[in-house]
Amino acid sequence: MSLNAERVQLGYDGNTIIHELSVAIPMQQVTALIGPNGCGKSTFLKSLAGLLRPTLGRVTLNGRSLENWPRRELALEVAMLPQKPVAPEGIRVRELVEYGRFPYQSILRGASREDREVVAWAMQQTGVECYAEKPVQALSGGQQQRVWIAMAIAQQAKILLLDEPTTFLDWGHQLEVLELLTKLNLEQKLTVAMSLHDLNQAAQFADHVLVMEQGTLLASGAPENVIETGMLASVFNVDAEVKIRANGKPCCLAKGSMNRLRGPAWIKDVV
């Protein structure tokens with residue numbers, strides 16, 4: 001299986017945000033997209049999910065342009081969890097997770113025994129089965145996020161895209177969500193690609209990191225090869241020290257912001 005962006009240009013209302021970006025998403029790995037606010041991470045993820053059509057170039061799944069995939073067939077392969085999903089008023093946890101089974105159903109075929117079993121599995125995997133009959137709005141932010149992930153994995157797609165899945169969560173719930181995603185990657189061979197703001201979390205949980213700035217890809221590779229002081233200064237305008245943990249993963253220790261913005265002197269592509 002492959003999910004590739006081939007020289008894609010993306011934007012809204014005539015404004016270009018992504019400039020001829022080419023990326024191959026590593027399969028059965030966890031990939032983190034990092035970069036400043038407004039650099040195009042969310043826009044790029046939408047294109048990978050087939051929700052935003054490139055103005056130039058193409059996104060392909062298994063060599064076939066996403067434009068040529070029927071929506072129902074594409075949903076069996078790629079699931080997307082946006083940054084701020086909104087649950088219908090009063091909906092219960094089980095009902096929301098059941099939405100993930102819609103690609104498998106039709107007017108002539110409602111929920112099957114298999115659908116119910118998958119929904120139960122998804123809630124068990126995410127630890128929300130005890131909330132099955134509770135309204136989603138009654139749960140904490142971290143619990144709600146796990147419910148949304150349960151809905152996404154109930155879709156049983158092979159690729160899961162997430163736009164800032166830890167936004168608005170406290171530190172403990174952020175770690176819960178990231179640990180869950182890495183567990184699903186390891187145990188279910190699920191390919192995960194997500195945007196993250198916390199660079200240390202990207203370094204800790206991702207196998208692969210993509211660094212974006214102003215709609216371009218500046219670097220890609222293993223965290224220990226990509227996250228270094230020059231990149232932090234150039235891309236994030238931060239004076240930082242990078243230490244390597246015992247597990248080989250980098251850890252960023254910020255000293256402060258740079259006195260002035262620097263141009264993109266640090267541009268490299270790490271394989």
Side-chain angles (χ1 to χ4, degrees), residues 1-3 25-31 45-46 48-51 59-140 142-163 165 176-194:
M1 171 163 279
S2 62
L3 179 62
I25 301 299
M27 293 294 101
Q28 298 185 8
Q29 293 189 30
V30 176
T31 296
L45 284 171
K46 288 178 183 176
L48 293 178
L51 301 177
V59 178
T60 65
L61 178 64
N62 297 339
R64 177 182 172 192
S65 175
L66 294 193
E67 297 176 13
N68 298 326
W69 282 80
R71 291 305 308 176
R72 187 179 293 270
E73 287 184 27
L74 183 60
L76 300 179
E77 305 293 337
V78 181
M80 170 79 181
L81 187 59
Q83 185 180 144
K84 299 176 182 178
V86 178
E89 187 69 29
I91 193 170
R92 295 175 300 164
V93 167
R94 186 188 305 278
E95 294 170 325
L96 184 61
V97 178
E98 287 172 349
Y99 280 11
R101 300 303 297 169
F102 280 6
Y104 299 86
Q105 299 170 6
S106 66
I107 296 175
L108 299 177
R109 177 195 178 281
S112 66
R113 177 179 177 181
E114 180 182 359
D115 292 328
R116 291 189 290 271
E117 289 176 349
V118 171
V119 167
W121 167 83
M123 289 193 296
Q124 188 276 328
Q125 287 291 311
T126 53
V128 298
E129 69 272 26
C130 56
Y131 310 125
E133 304 308 320
K134 287 190 175 182
V136 173
Q137 286 89 352
L139 304 181
S140 70
Q143 291 166 342
Q144 288 189 33
Q145 192 70 326
R146 283 190 280 138
V147 173
W148 285 110
I149 294 174
M151 184 197 74
I153 66 172
Q155 194 170 322
Q156 289 193 307
K158 300 176 183 66
I159 300 170
L160 176 58
L161 309 173
L162 306 102
D163 190 4
E176 273 187 17
V177 166
L178 294 171
E179 287 166 353
L180 170 61
L181 292 172
T182 54
K183 173 177 179 284
L184 293 169
N185 163 254
L186 291 172
E187 296 181 359
Q188 306 298 326
K189 306 302 181 184
L190 179 68
T191 297
V192 177
M194 57 183 167

Chemist: Which distance, rounded to the nearest 0.5 Å, do you find between the CD1 of Ile153 and the CG of Leu180?
Modeler: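 Between atom CD1 of Ile153 and atom CG of Leu180 there are 6.5 Å.
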Chemist: Compare all side-chain heavy atoms of Met194 with those of Leu81 and state whether any distance is below 4.5 angstrom.
Modeler: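 Answer no - side chains too far apart.
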Chemist: Where the side chain of Gln155 meets the backbone of Ala75, is there a donor-acceptor pair that is under 3.5 Å apart?
Modeler: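 At least one qualifying donor-acceptor pair exists.
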Chemist: By the salt bridge (Lys or Arg N to Asp or Glu O under 4.0 Å) test, which pairs, at least two apart or in different chains, include something from residues 151-160?
Modeler: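 Every pair satisfying salt bridge (Lys or Arg N to Asp or Glu O under 4.0 Å) with a residue in residues 151-160: Glu77-Lys158.
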Chemist: Given the rule in the side-chain contact (heavy atoms from CB on, under 4.5 Å) test, do Val147 and Tyr131 qualify, once you have shown the distances and angles that lead to the verdict?
Modeler: CA-CA 9 Å; Val147 173; Tyr131 310 125; 5.5 Å; no
Chemist: Can you find a heavy atom in the side chain of Ile91 that is under 4.5 Å from one in the side chain of Tyr99?
Modeler: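 Yes - at least one pair of side-chain heavy atoms lies under 4.5 Å apart.
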Chemist: My understanding is that only residues two or more places apart in sequence, or in another chain, count here; which of them pass salt bridge (Lys or Arg N to Asp or Glu O under 4.0 Å) with Glu95?
Modeler: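 Residues passing salt bridge (Lys or Arg N to Asp or Glu O under 4.0 Å) with Glu95: Arg92.
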Chemist: Below 4.5 Å, heavy atoms only, C-beta onward: do Ile25 and Thr191 meet side chain to side chain?
Modeler: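 Counting from C-beta outward, Ile25 and Thr191 do come under 4.5 Å.
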Chemist: So, do Leu184 and Ile149 sit near enough that their side-chain heavy atoms are less than 4.5 Å apart?
Modeler: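 Yes, their side chains come closer than 4.5 Å.
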Chemist: Kindly indicate whether the side chain of Leu160, heavy atoms from C-beta on, has any atom under 4.5 Å from the side chain of Leu181.
Modeler: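 Heavy-atom side-chain distance check passes, below 4.5 Å.
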Chemist: Which heavy atom of Ala87 sits nearest to which heavy atom of Val136, and what is that distance?
Modeler: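 Minimum heavy-atom contact is CB-CG1, 4.1 Å.
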Chemist: Measure from the side-chain N and O atoms of Glu73 to the backbone N and O of Pro70, and report whether any donor-acceptor pair falls under 3.5 Å.
Modeler: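 Not confirmed, Glu73 side chain does not pair with Pro70 backbone.
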Chemist: Got a second to check how far Ser140's OG is from Gln145's CD, nearest 0.5 Å?
Modeler: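 Here the rounded value is 10.5 Å.
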Chemist: Could you report the tightest heavy-atom contact between Leu74 and Gly50, atom names first, then the distance?
Modeler: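 It is CD2-CA, 4.4 Å.
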Chemist: Under 4.5 Å between any side-chain heavy atoms of Tyr104 and Gln156, yes or no?
Modeler: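 When only atoms from C-beta onward are counted, Gln156 and Tyr104 do touch, with a gap below 4.5 Å.
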Chemist: When you measure from the side chain of Gln144 to the backbone N and O of Ala138, does any donor-acceptor pair fall under 3.5 Å?
Modeler: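 Checking the backbone N and O of Ala138 against the side chain of Gln144, no donor-acceptor pair under 3.5 Å is found.
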Chemist: Under the rule for salt bridge (Lys or Arg N to Asp or Glu O under 4.0 Å), what residues qualify as partners of Arg116, not counting sequence neighbours?
Modeler: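 Here no residue qualifies.
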Chemist: Taking all atoms of both residues into account, what is the closest heavy-atom pair of Arg94 and Glu133, and its distance?
Modeler: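 Smallest heavy-atom distance, with atoms named: NE-OE2, 2.9 Å.
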Chemist: Test: ring-ring contact (aromatic ring centres under 6.0 Å, His included). Region: residues 70-92. Which pairs qualify, not counting sequence neighbours?
Modeler: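 Not a single pair qualifies under ring-ring contact (aromatic ring centres under 6.0 Å, His included).
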Chemist: What closest approach, in Å, do Arg146 and Thr126 show between heavy atoms, and which atom pair accounts for it?
Modeler: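 Closest pair (atom of Arg146, atom of Thr126, distance): NH1-O, 3.0 Å.
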Chemist: Checking Thr182 against Asn185: is there a side-chain donor and acceptor pair closer than 3.5 Å?
Modeler: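 Absent: no donor and acceptor within the cut-off.
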Chemist: So does Lys183 have more than 12 non-hydrogen atoms from other groups sitting under 6.0 Å from NZ?
Modeler: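 Atom NZ in Lys183 is crowded, with more than 12 foreign heavy atoms closer than 6.0 Å.
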Chemist: For residues 81-90, which residue pairs qualify under salt bridge (Lys or Arg N to Asp or Glu O under 4.0 Å), counting only residues two or more places apart or in two chains?
Modeler: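 Counting only pairs at least two positions apart or across chains, no salt bridge (Lys or Arg N to Asp or Glu O under 4.0 Å) contact touches residues 81-90.
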Chemist: Quick one: do Arg113 and Glu117 make a salt bridge, cutoff under 4.0 Å?
Modeler: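 So Arg113 pairs with Glu117 through a salt bridge.
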Chemist: Which heavy atom of Met1 sits nearest to which heavy atom of Met27, and what is that distance?
Modeler: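 Result for this residue pair: O-CG, 3.0 Å.
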Chemist: Grab the two heavy atoms, one from Ala152 and one from Ala79, that are nearest each other, plus how far apart they are.
Modeler: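 Minimum heavy-atom contact is O-CB, 4.0 Å.
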Chemist: Can you name the side-chain contact (heavy atoms from CB on, under 4.5 Å) partners of Leu51, sequence neighbours left out?
Modeler: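 Expected list: Lys46, Ala49, Arg71, Met80.
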Chemist: Evaluate the side-chain proximity of Leu48 to Val78: yes if any heavy-atom separation is below 4.5 Å, no if none is.
Modeler: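 Result no, sub-4.5 Å side-chain heavy-atom pair not found.
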Chemist: With a 4.5 Å cut-off on side-chain heavy atoms, are Leu61 and Trp69 touching?
Modeler: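 Touching, per the 4.5 Å side-chain cut-off.
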